[in-house]
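For reference, the structure discussed in these notes is given below.
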Amino acid sequence: MINIRFPDGAVRQYEAGVSAMDIAKSISEGLAKKILVAGVNDQVWDLSRPITSDSSIKLFTWNDAEGKNTFWHSSAHLMAEAIEAKFPGVKFWVGPPLDNGFYYDIDLGDRKITEEDLVEIEKKMNELAKQNNVYIRTEKAKADAIAYFTEKGDEYKLDLLQNLEDGNITFYTQGNFTDLCRGPHIPHTGFIKAIKLLNIAGAYWKGDEKNKQLTRIYGITFPTQKELDDYLIMLEEAKKRDHRKLGKELGIYTMNDDVGPGLILWLPNGAVIIEELEKLAKETEEAAGYKRVVTPHLAKENLYLTSGHLPYYADSMFAPMEMDGEKYYLKAMNCPHHHKIFDAEPKSYRDMPYRLAEYGTCYRYEQSGELFGLMRVRCLHMNDAHIYCTKEQFAQEFKAVNDMYLKYFEIFGIDKYVMRLSLHDPEKLGQKYINEPELWLETEELVRNVLKESNIPFVEVKGEGAFYGPKIDVQIWSAIGREFTLATNQVDFAQPRRFKLSFTNQNNEPEIPLIIHRAPLGTHERFIGFLLEHYAGKFPVWLAPLQVKILPISDKFLDYAIAVKTTLQKAGVRVEVDERQEKIGKKIREAEISKVPYMLIVGEKEASENKISVRRHGKGDIGQLSVDEFVHNIAEEIKYRKAD
RNA sequence: GCCGUUGUAGCUCAGAGGUAGAGCACUUCCUUGGUAAGGAAGAGGUCGUGAGUUCAAUUCUCAUCAACGGCUCCA
C-alpha cells in the first residue's frame with residue numbers, strides 16, 4: 001500500500017500502481033467525470049498512469065490552468081490526426097497549448113492549406129473526437145524512437161530526439177496518430193466537444209527567420225459548444241475595442257498611402273489628446289526638476305557612429321540622405337542629441353543630476369509586416385528624457401523615475417502591469433550587447449536594488465536589455481488582452497564613455513556620469529493606442545477631445561445655447577453646440593455614439609432659469625444644474641484630471 | 001522581410017465578363033420636436049495601382065502597393 005496525500009492535507013492509502021483516475025473514482029463518480037489530468041508530486045500526469053510510491057496528488061479539471069493546457073495540447077494532437085488523415089505524409093514539428101487554444105507547426109511539403117481546408121479539418125476532428133479515442137502513453141528506448149522516425153523520414157522529430165535523454169522518451173497514440181510527446185494528455189478525445197480552427201500562418205522553424213517556414217494552424221476547443229460560442233462572441237466584442245476601429249470612429253488618426261506606411265496623421269481629436277498628454281508630462285517633469293530642450297530630426301552619420309547605434313540598428317533606421325558629401329540620418333532615438341547638449345558646456349558636480357526632457361520625434365524603419373495601427377509605427381513621438389547623474393545619485397534618481405511611472409499609472413487607472421527587469425545575455429556580449437561584462441553586472445545589481453528597496457514587484461528576463469545597459473520595461477495589457485511594452489526606464493553606462501561625457505567632481509577631477517533613459521508615457525502613438533483600448537474610447541473628461549456638447553431642443557434656444565457655450569469656453573472647456581434642425585432624440589443618440597462625456601440639453605425650462613439639463617455619457621440624464629455650478633464642477637474635474 | 005487573407009461611395013458592406021448597388025454620413029426642402037434614429041428629394045465611385053488575355057474587364061491572369069491574421073523583429 002502507498003500513501004496518497006491530498007491538497008487539504010488528508011492522507012489515504014491505496015494499492016501501489018493505482019491511477020489518479022482510480023483515486024478520483026474512489027472519491028466520487030462525478031469528480032471522475034470532470035477531471036482531465038492529475039498533479040502528482042507537482043508534476044502533471046496522465047490520469048491512467050500508475051502511481052507506485054507515496055505521493056501527493058491534485059486533480060485538475062477544465063477550471064484549472066493545468067486542465068486547460070492539457071485539454072488544448074490533446075486538441076493539437078487531435079488536429080494533427082485529422083490533418084494527417086487529410087494530407088498523408090505531412091511532417092509535424094511541435095503543437096503546444098497557448099493561453100487561448102493551441103497550434104501545430106506542420107511541414108506540408110509542396111502542398112498548401114487554404115481556409116476551406118480548415119473547415120474540412122474541423123469536420124474530421126469532430127468525427128475523430130466522437131470516437132472517444134484513448135490517448136495511450138508508451139515509453140520508448142531512444143534507439144527505437146530514432147528507428148521509428150528514421151523509417152518515417154521525419155527529420156523534425158529526429159531533431160527533437162537529439163536533445164532527449166534515453167529513458168525519458170514517450171510516445172502518445174490516439175486513434176491512428178502517434179507522436180513523440182512528453183504528455184500528459186486527457187483520457188480520451190470525447191472530452192473535446194467544440195472545435196474552431198482560427199487561422200493559418202507561416203512560422204519559422206525554431207523561430208529563426210533563416211530557417212524554413214512551416215505552416216502553423218491555430219485553433220481552440222472547448223468541452224461544450226456554449227463555451228466556444230461565448231469565446232467567439234468575446235472575440236467580436238474585443239474587435240469593437242480595437243484602437244484602430246475606435247481611432248477611425250472617433251476621428252483620432254488616419255493614414256494615407258501617399259504619405260506612407262506607419263506614418264500617422266493625427267486628426268484634430270487626436271491632436272487634442274496629444275496636447276493634453278504633453279501638458280501633463282511638462283507639468284510633471286518641471287516639478288521633478290527637468291529642463292526642456294528641442295533637437296532636430298536628423299543628424300550626421302558620425303553622431304551615430306559615436307553613440308554606437310549604427311552598427312546595431314542601421315537596419316532599423318531610414319537610409320541616409322547624402323548632402324554636401326555628408327550622410328545624414330533621420331534620428332531613431334534622441335539620446336545622442338541630448339548627450340551633445342549635456343556636453344555643450346562644462347559640467348560640475350553642482351550641476352548634477354542634469355535632467356533633459358523632450359517630446360522627441362523619432363523615425364524607425366520597422367519592417368513592413370511589423371507595422372500595427374498606432375502600436376508599431378515609423379514616426380513616433382517619445383516622452384523622452386535623459387538624466388545625467390553620479391553613481392551616488394543613481395539610486396535616488398532611478399527611484400524617482402519609477403515613482404513618476406506609478407503616479408502616471410494612477411492617473412490613467414492602469415493597474416495591470418509588470419515591471420520587467422531586462423538584463424543582458426552573457427552569450428551575446430559584443431554582438432547584441434556592449435562587451436563590458438563587469439559593468440553589466442554592476443548596473444544590473446544597482447537597478448535590482450532600487451526595485452527591491454521600493455517594493456515594486458518585478459520579473460527578471462535575460463536577453464531583453466538595451467545594447468548599452470539594463471532596463472526596466474513596463475509591460476501592460478490593454479483591455480482586450482494585448483500585451484506590449486508601454487514605457488521604458490534604462491541605465492546607460494556605455495554612451496557616457498563613447499561621448500566622453502564628464503563632470504568635475506568635488507576633488508576637481510573629471511568623472512564619468514551615469515545616464516538614465518526614461519519614457520514613462522512611451523510614445524504618443526503607442527500610449528494613445530493603449531488609452532483608446534483601455535478606455536474603450538470613453539476618455540475621462542480632461543482627455544476627451546470634445547468635453548461638452550450642447551443640444552438645443554429647437555433653434556428657438558440656439559441663442560441661449562451659444563451663450564452657455566461662450567461661458568464654458570471662457571472656463572477653458574472644449575465645447576460645441578449641435579445647431580442642426582434635428583430632434584433631440586437624434587442629437588442625443590449621435591452625441592452618445594461620439595462618446596462626448598457631457599451633453600447639455602437646453603430648452604424652454606433651462607433658458608428661463610439660466611440652467612442646463614446634464615446628461616452624462618453612458619449614464620443618462622443626471623438632472624438640472626445652474627450654468628455656474630456646472631462650469632465649476634467640470635473645471636475641477638478637468639483641473640484634477642479626475643478618472644470618470 | 002516571410003506565410004496566408006483582403007482591397008467596390010466618407011463609413012459598413014452587397015454584386016456580376018457587357019463600363020455599378022444598399023444602409024448610414026453628406027446637400028437641399030418640409031418638420032421646431034424634451035433624453036439613443038421625423039419625412040422627402042439630391043449629390044457622390046477611372047470598383048487600390050500597372051500590365052496581360054478578350055470584340056469587351058472593375059469581374060479572369062500576372063505584377064505591384066497597402067491593410068489585416070500570424071512568424072521574425074521592436075533602441
Side-chain angles (χ1 to χ4, degrees), chain A residues 103 105 108 112-115 117-118 198-218 239 242 244-245 248-249 251 254-262 304 307-310 312-313 315-317 331-336 362 364-373 375-377 380 382 384 422 432 464-469 471 473 484-485 488 490 492 495 517 519 523 526 551-558 580-593 599-606 613-623:
Chain A
Y103 68 78
D105 280 348
L108 291 166
K112 283 206 166 160
I113 276 191
T114 64
E115 297 198 353
D117 293 322
L118 288 191
L198 298 162
N199 49 40
I200 308 170
Y204 298 106
W205 184 42
K206 296 186 180 181
D208 187 337
E209 63 180 324
K210 290 182 194 76
N211 283 342
K212 176 168 180 170
Q213 197 160 43
L214 304 175
T215 301
R216 176 173 297 179
I217 300 182
Y218 286 88
K239 273 188 202 160
D242 190 301
R244 292 164 298 185
K245 185 172 161 66
K248 183 179 267 181
E249 286 169 358
T254 189
M255 289 193 256
N256 180 282
D257 280 357
D258 287 334
V259 176
Y304 300 109
S307 72
H309 282 104
L310 260 186
Y312 291 91
Y313 298 115
D315 286 350
S316 304
M317 293 176 76
K331 68 176 174 184
M333 65 294 294
N334 304 302
C335 346
C362 299
R364 297 179 182 180
Y365 193 77
E366 306 287 4
Q367 291 189 62
S368 60
E370 291 161 355
L371 298 172
F372 179 68
M375 300 304 188
R376 282 292 284 283
V377 295
L380 40 110
M382 199 187 291
D384 212 355
S422 300
K432 206 176 163 189
E464 288 284 347
F467 80 87
Y468 45 63
K471 59 178 179 167
D473 289 320
F484 42 82
T485 305
T488 179
Q490 312 172 352
D492 185 342
Q495 290 200 54
H517 302 241
T523 64
R526 191 170 279 189
L551 312 176
I553 298 287
S554 82
D555 335 359
K556 285 191 219 151
F557 313 105
L558 210 51
R580 297 173 308 164
Q581 294 178 18
E582 294 290 353
K583 288 194 176 171
I584 192 67
K586 180 153 184 172
K587 290 181 182 179
I588 287 172
R589 175 178 157 80
E590 292 185 5
E592 286 281 349
I593 288 171
M599 287 150 273
L600 304 184
I601 286 106
V602 295
E604 178 90 50
K605 280 182 279 177
E606 292 80 4
S613 286
V614 183
R615 186 185 164 101
R616 187 74 168 88
H617 175 267
K619 297 202 176 103
D621 191 353
I622 57 173

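A note on names: the letters A, B, ... follow the listed sequences, proteins ahead of strands, and every chain is numbered from 1.
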Study note, to complete from the structure: Protein heavy-atom contacts under 4.0 Å, written 5' to 3' over nucleotides 34-49 of chain B as B (base), S (sugar-phosphate only) or - (none), form the string BBBBB-----------

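What separates CZ of R580(A) from C1' of rG33(B) is a distance of 14 Å, to the nearest Å. Counting to the nearest Å, the C1' atom of rC68(B) and the CG atom of L198(A) are 15 Å from each other. The interatomic distance linking L371(A) (CG) with rC2(B) (P) rounds to 14 Å, in whole Å. Between the CG atom of L214(A) and the P atom of rG70(B) there is a distance of 18 Å, given to the nearest Å. What separates NE2 of H517(A) from C1' of rA75(B) is a distance of 9 Å, to the nearest Å. In this structure, E370(A) atom CD and rC74(B) atom P are separated by 8 Å, rounded to whole Å. Note: CD (Q367(A)) to P (rC2(B)) measures 9 Å, nearest angstrom. Across the protein-nucleic acid pair, H309(A) atom NE2 and rC74(B) atom P stand 14 Å apart, rounded to whole Å.
With a cut-off of 3.5 Å on both pairing distances, the Watson-Crick or G-U wobble partner of rC55(B) is rG18(B). Remark: rA66(B) base-pairs with rU6(B). Criterion, Watson-Crick or G-U wobble with two distances under 3.5 Å. Searching all strands for a Watson-Crick or G-U wobble partner of rU32(B) with both distances below 3.5 Å returns nothing. With a 3.5 Å ceiling on both atom-pair distances, the Watson-Crick or G-U wobble partner of rC11(B) is rG23(B). Judged by Watson-Crick or G-U wobble contacts below 3.5 Å, the nucleotide rC73(B) has no partner. Under the Watson-Crick or G-U wobble criterion, with both distances below 3.5 Å, rG44(B) is left unpaired in every strand shown.
If you take atom C1' in rU58(B) and the same atom in rU72(B), they sit 36 Å apart, rounded to whole Å. Distance noted for atom C1' between rG4(B) and rG21(B): 30 Å (whole Å). One P atom belongs to rU12(B), the other to rG7(B), and the distance between them is 13 Å to the nearest Å. Taking atom P on both rA40(B) and rA57(B), the two are 40 Å apart, rounded to the nearest angstrom. Of the C1' atoms belonging to rG38(B) and rA20(B), the separation is 31 Å, rounded to the nearest Å. Spacing of P atoms, rU61(B) relative to rC24(B), comes out at 35 Å, to the nearest Å. Rounded to the nearest Å, the gap between the P atom of rG17(B) and that of rC60(B) is 9 Å. Taking the C1' atom of each, rA66(B) and rU8(B) are spaced 16 Å apart, rounded to whole Å.
The distance from atom CD of E249(A) to atom CZ of R244(A), rounded to the nearest 0.5 Å, is 12.5 Å. The structure places CG of L371(A) at 8.5 Å from OH of Y365(A), a figure rounded to the nearest 0.5 Å. K586(A) contributes atom NZ, which lies 13.5 Å from atom CG of L551(A) (distance to the nearest 0.5 angstrom).
Open room surrounds NZ on K239(A); 12 or fewer heavy atoms of other groups in view lie less than 6.0 Å from it.
Applying the 3.5 Å distance criterion, the base of rC74(B) shares no donor-acceptor pair with the side chain of E366(A). No hydrogens or angles were tested; on distance alone, a donor-acceptor pair under 3.5 Å links the side chain of R376(A) to the base of rC74(B).
Contacts of residues 203-212 of chain A with RNA chain B (heavy atom under 4.0 Å): A203(A), Y204(A), G207(A), E209(A).
The heavy-atom pair separating G262(A) from V377(A) by the smallest distance is O-CB, 3.3 Å. The shortest heavy-atom contact between K206(A) and N211(A) is CB-ND2, 4.0 Å. Between P552(A) and I584(A), the shortest heavy-atom distance links the atoms O-CD1, 4.1 Å. In this structure, G465(A) and K471(A) approach most closely via the heavy-atom pair C-CE, 4.0 Å.
Where S554(A) and N199(A) meet RNA chain B, the nucleotide closest to each residue was compared, and S554(A) sits on the side nearer the 5' end.
When side chains are defined from C-beta on, D621(A) does not count as touching I601(A), because their heavy atoms never get closer than 4.5 Å. Using a 4.5 Å heavy-atom threshold, the side chains of E370(A) and R364(A) count as separate. K587(A) has its side chain out of reach of M599(A): every pair of non-hydrogen atoms, C-beta onward, lies at least 4.5 Å apart.
For A332(A), taking side-chain heavy atoms from C-beta onward, the closest of the listed nucleotides rA67(B), rG69(B), rA75(B) is rA75(B). Side-chain atoms of D555(A) lie closest to rU32(B) of the nucleotides rU32(B), rG1(B), rG69(B).
If you check every strand for non-hydrogen atoms under 4.0 Å, F484(A) touches nothing. At a threshold of 4.0 angstrom between heavy atoms, the contacts of G623(A) with the nucleic acid are absent. Within the 4.0 angstrom heavy-atom criterion, only backbone atoms of the sugar-phosphate kind lie near Y468(A); the bases stay farther away.
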Shorter than 3.5 Å, N or O on both sides, protein versus nucleotides 11-13 of chain B: list them out with atom names.
none

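Taking side-chain N and O atoms only, Y218(A) has no distance below 4.0 Å to OP1 or OP2 of rG4(B). At the phosphate of rA75(B), neither OP1 nor OP2 sits under 4.0 Å from any side-chain N or O atom of S316(A).
The backbone N or O of T485(A) sits less than 3.5 Å from a side-chain atom of R526(A), completing a donor-acceptor pair. Judged purely by atom type and a 3.5 angstrom limit, K212(A) has no side-chain atom pairing as donor or acceptor with the backbone of W205(A). Checked by atom type and distance alone, the side chain of R216(A) never pairs as donor or acceptor with a backbone atom of A201(A) at under 3.5 Å.
Taking the six-membered ring where the residue is Trp, Y468(A) and H517(A) present parallel rings, their angle staying beneath 30° rather than reaching 60°.
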